Amino acid sequence: SYHEVDKGHGQYQPMAFFMANDTNETNKTNESNGGLMDRIFSGIQPTGEIHIGNYVGAIRNWVQLVNRYDCIYCVVDYHAITIDYEVETMQQTILDTATILIASGLTPDRCKVFVQSHVIEHPELTWIFNCITPLGELERMTQFKEKGRQHRHNINVGLLDYPVLQ
């Protein structure tokens with residue numbers, strides 16, 4: 001399933017995907033149920049200063065989830081460029097966001113943390129999904145309509161395609 005919190009006002013918008021376990025060797029095991037742990041993939045946009053609300057609302061929960069799930073966390077910088085952003089400071093904001101995630105306890109020995117733009121398979125897979133995603137489904141997305149209203153001067157294909165870039 002998919003969950004997204006959109007608080008607007010330039011705040012971070014965490015996203016999460018909950019995936020059933022698979023046969024990937026890198027999955028953690030859960031001895032209590034005798035099998036592999038379910039996997040969580042979640043991302044956070046580097047669109048502003050991380051504040052106590054971000055920590056309490058998302059990051060603190062992510063740290064707790066690593067004990068029960070095979071967690072993968074991502075700084076979703078490609079998602080962040082669908083709205084206006086400061087080109088001069090974006091790279092530092094990406095680094096700051098990743099640093100805060102790691103400093104909060106999302107360390108490589110407990111989970112995976114990466115920057116979306118550093119994994120070329122993200123845009124490659126998006127292209128494949130674009131070729132099979134009906135345009136009408138994207139145009140009906142509530143998020144596209146809301147973001148279009150919020151950013152009337154910058155309604156771009158990235159906003160429309162936002163759900164496909166996962």
Side-chain angles (χ1 to χ4, degrees), residues 1-28 36-48 50 54 58-59 62 65-66 69-102 106 108 111-166:
S1 67
Y2 172 74
H3 172 71
E4 182 166 342
V5 178
D6 186 353
K7 298 185 178 198
H9 310 296
Q11 296 180 11
Y12 287 76
Q13 294 130 7
M15 300 176 298
F17 290 90
F18 299 89
M19 298 178 271
N21 58 41
D22 59 27
T23 57
N24 187 330
E25 294 174 14
T26 61
N27 277 3
K28 295 179 185 177
L36 298 174
M37 298 176 86
D38 286 341
R39 179 174 290 150
I40 293 178
F41 175 80
S42 191
I44 188 166
Q45 287 191 33
T47 54
I50 290 184
N54 302 128
I59 298 170
W62 292 357
L65 290 171
V66 299
Y69 298 95
D70 181 20
C71 296
I72 304 169
Y73 297 113
C74 177
V75 178
V76 290
D77 53 337
Y78 282 152
H79 283 86
I81 64 174
T82 60
I83 59 173
D84 289 333
Y85 65 98
E86 297 294 325
V87 175
E88 301 81 24
T89 60
M90 179 58 89
Q91 290 303 311
Q92 186 62 49
T93 305
I94 293 166
L95 180 61
D96 292 347
T97 302
T99 301
I100 289 170
L101 293 178
I102 293 167
L106 300 174
C111 63
K112 295 169 189 73
V113 177
F114 69 95
V115 176
Q116 185 179 40
S117 63
H118 294 195
V119 178
I120 193 65
E121 291 82 2
H122 268 275
E124 289 175 352
L125 187 57
T126 299
W127 177 254
I128 294 168
F129 286 158
N130 280 339
C131 292
I132 61 172
T133 303
L135 180 60
E137 293 295 319
L138 294 174
E139 291 173 331
R140 283 190 286 278
M141 297 290 294
T142 302
Q143 180 179 354
F144 173 67
K145 293 175 185 175
E146 289 175 4
K147 291 226 179 217
R149 283 191 292 272
Q150 291 173 358
H151 305 280
R152 290 179 196 263
H153 63 285
N154 186 26
I155 300 174
N156 57 64
V157 174
L159 284 176
L160 179 68
D161 203 38
Y162 188 99
V164 180
L165 178 65
Q166 303 304 335

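Every heavy atom of this structure was used, including side-chain atoms; hydrogens, water molecules and symmetry mates were not. Everything numeric in this text was worked out from a predicted model, so none of it was measured.
- Here the straight-line distance linking atom CD1 of I81 with atom CE of M90 works out to 7.5 Å at 0.5 Å rounding.
- Using a 4.5 Å heavy-atom cutoff, the side chains of T93 and Y85 are not in contact.
- Under the rule for a side-chain hydrogen bond (donor to acceptor under 3.5 Å, both in side chains), the partners of E137 that lie at least two apart in sequence or sit in another chain are R140.
- Looking at Q91 and I94, their side chains come closer than 4.5 Å, going by heavy atoms from C-beta outward.
- For the side chain to side chain contact (heavy atoms under 4.5 Å, CB included) with D161, the lone residue among T82, N130, T133 that qualifies is N130.
- Counting all heavy atoms, side chain and backbone alike, V113 lies closest to L106 at CG2-O, 3.4 Å.
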For residues 117-125, please give each side-chain donor-acceptor pair under 3.5 Å, one per line with the distance, not counting sequence neighbours.
| residue | atom | partner | partner atom | Å |
| --- | --- | --- | --- | --- |
| S117 | OG | D77 | OD2 | 2.5 |
| H122 | ND1 | Q166 | O | 3.1 |

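- Side-chain contact between M141 and L160 is absent, with no heavy atoms from C-beta onward closer than 4.5 Å.
- Taking the side chain as every heavy atom from C-beta outward, N54 and I100 never approach each other to under 4.5 Å.
- Annotation for Q116 and Y78: closest pair OE1-N, 2.9 Å, computed over non-hydrogen atoms.
- Crowding of F114 atom CZ: a count of heavy atoms from other residues, nucleotides or ligands under 6.0 Å exceeding 12.
- T97 approaches P46 most closely through the heavy-atom pair OG1-CB, 3.6 Å.
- The nearest pair of heavy atoms linking L165 to T126 is CD1-OG1, 3.0 Å.
- The shortest non-hydrogen separation linking Q45 to A80 is OE1-CA, 3.5 Å.
- The shortest non-hydrogen separation linking C111 to Y73 is SG-CD1, 3.9 Å.
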